[in-house]
Number of protein chains: 2
Amino acid sequence: MNKLRRRATGRITLDEVSAAAGVSPITASRALRGQRSVDPALVERVREAAERLGYVPDPAARALASARSSQVVVLVPMLSNALFVDLLEAVHATLLPAGYQTLIGMTHYDPAEEEQLLRGYMAHRPAGLLLTGFDRTEGSRKLIEASGVPCVHMMETAEAPGVFSVGFSQAAAGYAMTRHLVERGRRRVMFLAAQLDPRTLQRLQGYRDALRGAGLYDEALELLDPRRSSMALGAALFERALGEHGDADALFCCNDDLAQGALLAALRLGVSVPQRVAVAGFNDLAGSDQMLPPLTTVHTPRVEIGQQAAAMLLRLMQGQEVPRAAVDVGCTLVVRGST
Amino acid sequence: MNKLRRRATGRITLDEVSAAAGVSPITASRALRGQRSVDPALVERVREAAERLGYVPDPAARALASARSSQVVVLVPMLSNALFVDLLEAVHATLLPAGYQTLIGMTHYDPAEEEQLLRGYMAHRPAGLLLTGFDRTEGSRKLIEASGVPCVHMMETAEAPGVFSVGFSQAAAGYAMTRHLVERGRRRVMFLAAQLDPRTLQRLQGYRDALRGAGLYDEALELLDPRRSSMALGAALFERALGEHGDADALFCCNDDLAQGALLAALRLGVSVPQRVAVAGFNDLAGSDQMLPPLTTVHTPRVEIGQQAAAMLLRLMQGQEVPRAAVDVGCTLVVRGST
DNA sequence: CTGAAAGCGCTTACAG
DNA sequence: CTGAAAGCGCTTACAG
């Protein structure tokens, strides 16, 4: 009477649920996914049976049959920059309740490494892609396009057909901070940067535009160091900046950890901030409000970016329309005591 | 002549590889996995064919057929504590080259939340589990045991049959730091703690043992705050500590972010460290060496823990023996200027 | 050392 | 709105 073989694995299957509900497996499958038009009464019966039996769908079987998994690949440069930790947490918190898992990868700011990660992860038939910025190889671009997997870019925005993004203008933010310093009467504003990734260079562009507009630009005031950003490097750059440019009256650091290191170096060397020199940061990371003096910085809305990018991807993965393909969430100048 | 149907998906399959190599799919499968005894000449032929065709195994099909995926579930309390970021990066870097992906989850220090995550992730048939500490629900324990999935615990160690762990003694570390303070002549040593998770409480135990041993223990000197650890909280606890205990001459903070906040508060309030009061931290996080004065702390080897735990899990997943089930990697007292 | 058969648990068209 | 059939791409015993 019962055509159900007990599976060797002991796992409760869709077959058992559908039998318990007195429908076919296909109907049970559709009912459980809330998909297509299924008689509401049957949906209820199937739901009840699944609940009662403790049925949990098998992601592997689902992925194999549908050629799409429930996993979203999220690629960020690195986790040692707290910015990306916040971004990742927000993405994760948005995706998990919707039934998607997060497969994270770290590119170390290297497009070739990103392509390699992408190539490996694509075999998993991800349901979606969340990438940082737009700096990637031609190979990555083709891989993504050929796969047809929905993709949303984070941190920067771009207006282009078929390109989805959530971020803000790094250049505008760099411009705004520089203007703030100029408006406070600073005339020799230095730019201290590390890593020199694309977004840092965009901020630099904003800095240049602002200083040029004010007739204060001087290439010598740019201190660009390709090494990884850290408080220790910030301290070193601070010393070098004041050593090489005794007349510098403001230091715009491309990331808060550099700025925090600079502030501590100032304390150590007895250089008064902001009297002798103003110090500004970027991102508003943990601890910046605790510094002495508290750090003026740009608060970047990474939590909102993570949430909105994930929400946008969710819509794309479900085949829904997205109201705006490029969402600029803006950012905020936070003026504290250091400028 | 060619019995190969072209798959609708266009994906290169094992069937095509085996046909190209002139062997059966099973042999091709075994050859590619480097498993069982297969004629070396055949292995070579299969490898070559796979390479030439650009074959990439399908993880979903593999998981479905073998009832085990190539994913490792890693559960940590939260990423806003930089400690766990380092741990996670090390785990990830060890697992990825070995062909395993990382599925991360954040428990927020809540065993019930951990159980829920575990329940959800178990449906993915993970190949292995990497968990933080030993504080979990009975339900989680049963779930893990019933699944038969290899599991390694990180951060703490425990000697028990069938239990695998890589970590260090939090109590011993707490004891060592407290002894250091006592040996420097401190008599009123306070313990400032946040979060109050199990490992923090173990450090507290070490602190108590050391002070009791020296005849200096006073319950009133423990400032325990269940809120999340942060620099801002450290600053607040610093003020409260000195306000309530004017005679305190040392503050042992359970995490570096608290200690960094305390150090900055001291600067702000004009309290000289270490003359008036010594300040010690725990974990040796980024920036602690940049503080003013540089922070004395315990360097916890989270990178080694992540690497070794992942390496141990790799052995377990491959059915190999593990030399030692409980590995204590120790930790190091780092004496800087603050004590 | 190698292979034919069966199965893992689900979903996709295709019918009705 | 519902279902029978076929298939997704691999691996597990079981033989030989």
Side-chain angles (χ1 to χ4, degrees), chain A residues 3-46 50 53-70 99 122-125 127 319, chain B residues 3-46 50 53-70 99 122-125 127 319:
Chain A
K3 59 174 273 197
L4 284 179
R5 32 163 206 253
R6 249 243 154 270
R7 291 306 208 289
T9 56
R11 195 183 249 268
I12 306 289
T13 66
L14 188 61
D15 273 16
E16 297 172 56
V17 174
S18 63
V23 299
S24 72
I26 311 91
T27 300
S29 170
R30 288 201 274 251
L32 257 17
R33 277 177 298 146
Q35 185 229 30
R36 299 276 296 267
S37 34
V38 178
D39 187 327
L42 290 191
V43 172
E44 193 39 50
R45 247 160 65 198
V46 173
L53 297 176
Y55 170 68
V56 182
D58 185 322
R62 184 171 269 182
L64 185 57
S66 69
R68 192 115 305 174
S69 76
S70 61
M122 278 306 188
H124 290 262
R125 318 168 185 254
Chain B
K3 60 173 273 197
L4 283 179
R5 30 164 208 252
R6 250 246 154 267
R7 290 307 207 290
T9 56
R11 194 183 250 267
I12 306 289
T13 66
L14 188 62
D15 273 15
E16 297 173 57
V17 173
S18 64
V23 299
S24 73
I26 310 90
T27 300
S29 169
R30 288 201 274 251
L32 258 15
R33 277 177 298 148
Q35 183 229 33
R36 300 275 296 265
S37 33
V38 180
D39 186 329
L42 289 190
V43 172
E44 194 38 52
R45 247 160 64 199
V46 172
L53 296 176
Y55 171 68
V56 182
D58 186 322
R62 185 171 269 182
L64 186 56
S66 69
R68 193 117 301 174
S69 77
S70 61
M122 278 308 186
H124 290 262
R125 316 170 187 252

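This is a predicted model, so every value here is computed, not measured. Protein chains get the first letters and strands the later ones, always in sequence-line order, with residue 1 at the start of each.
Not one side-chain nitrogen or oxygen of A:Ser66 sits closer than 4.0 Å to the OP1 or OP2 atom of C:dT11. For C:dT11, the OP1/OP2 oxygens have a side-chain nitrogen or oxygen of A:Arg33 closer than 4.0 Å. B:Thr27 has no side-chain polar atom (N or O) that falls below the 4.0 Å cut-off from OP1 or OP2 of C:dT2. Contact annotation: B:Ser29 reaches the phosphate of D:dT11 (side-chain N/O to OP1 or OP2, under 4.0 Å). Of the side-chain N and O atoms in B:Arg68, none sit less than 4.0 angstrom from OP1 or OP2 of D:dT12.
Taking A:Leu14 as the reference, A:Ala28, A:Ser29, A:Leu32, A:Tyr55 meet the side chain to side chain contact (heavy atoms under 4.5 Å, CB included) condition, with sequence neighbours excluded. In this structure A:Ala61 satisfies the side chain to side chain contact (heavy atoms under 4.5 Å, CB included) test together with A:Asp58, B:Leu64, sequence neighbours excluded. Residues satisfying the side chain to side chain contact (heavy atoms under 4.5 Å, CB included) test with B:Ile26, not counting sequence neighbours, are B:Ser24, B:Arg30.
Comparing B:Asp39 and B:Leu64 along DNA chain C, the residue whose closest nucleotide (by nearest heavy atom) sits nearer the 5' end is B:Asp39.
As a whole-Å value, the separation of B:Glu16 CD from D:dC8 C1' is 13 Å. Rounded to whole Å, atom C1' of D:dG9 lies 7 Å from atom OH of B:Tyr55. Distance CZ (B:Arg30) to P (C:dG3): 9 Å, rounded to an integer number of Å. Counting to the nearest Å, the C1' atom of C:dG7 and the CG atom of A:Asp15 are 12 Å from each other. The CG-P distance, from A:Leu32 to C:dT11, rounds to 8 Å in whole Å. Residue A:Leu14 contributes atom CG, which lies 20 Å from atom P of D:dC8 at whole-angstrom precision.
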Side chain to side chain contact (heavy atoms under 4.5 Å, CB included) between B:His124 and A:Ser70, worked out: CA-CA 10 Å; B:His124 290 262; A:Ser70 61; 3.8 Å; yes
Side chain to side chain contact (heavy atoms under 4.5 Å, CB included) evaluation trace for B:Val56 with B:Ile12: CA-CA 7 Å; B:Val56 182; B:Ile12 306 289; over 6 Å; no
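Checking D:dT11, D:dA13, C:dT11 against the side-chain heavy atoms of B:Arg62 singles out D:dT11 as nearest. Comparing D:dA13, C:dC8, D:dA5 by their closest approach to the side chain of A:Ile26 singles out D:dA5.
Within the 3.5 Å criterion, the main-chain N or O of A:Arg62 finds a donor-acceptor partner in the side chain of A:Ser66. A:Arg45 places a side-chain N or O within donor-acceptor distance of the main-chain N or O of A:Ala21, the cut-off being under 3.5 Å.
Within the 4.0 angstrom heavy-atom criterion, only backbone atoms of the sugar-phosphate kind lie near A:Pro57; the bases stay farther away.
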Whenever both distances are under 3.5 Å in a Watson-Crick or G-U wobble pair, mark it; put DNA chain C into dot-bracket that way, with [ ] for crossing pairs and | when the partner is on another strand. |||.||||||||.|||
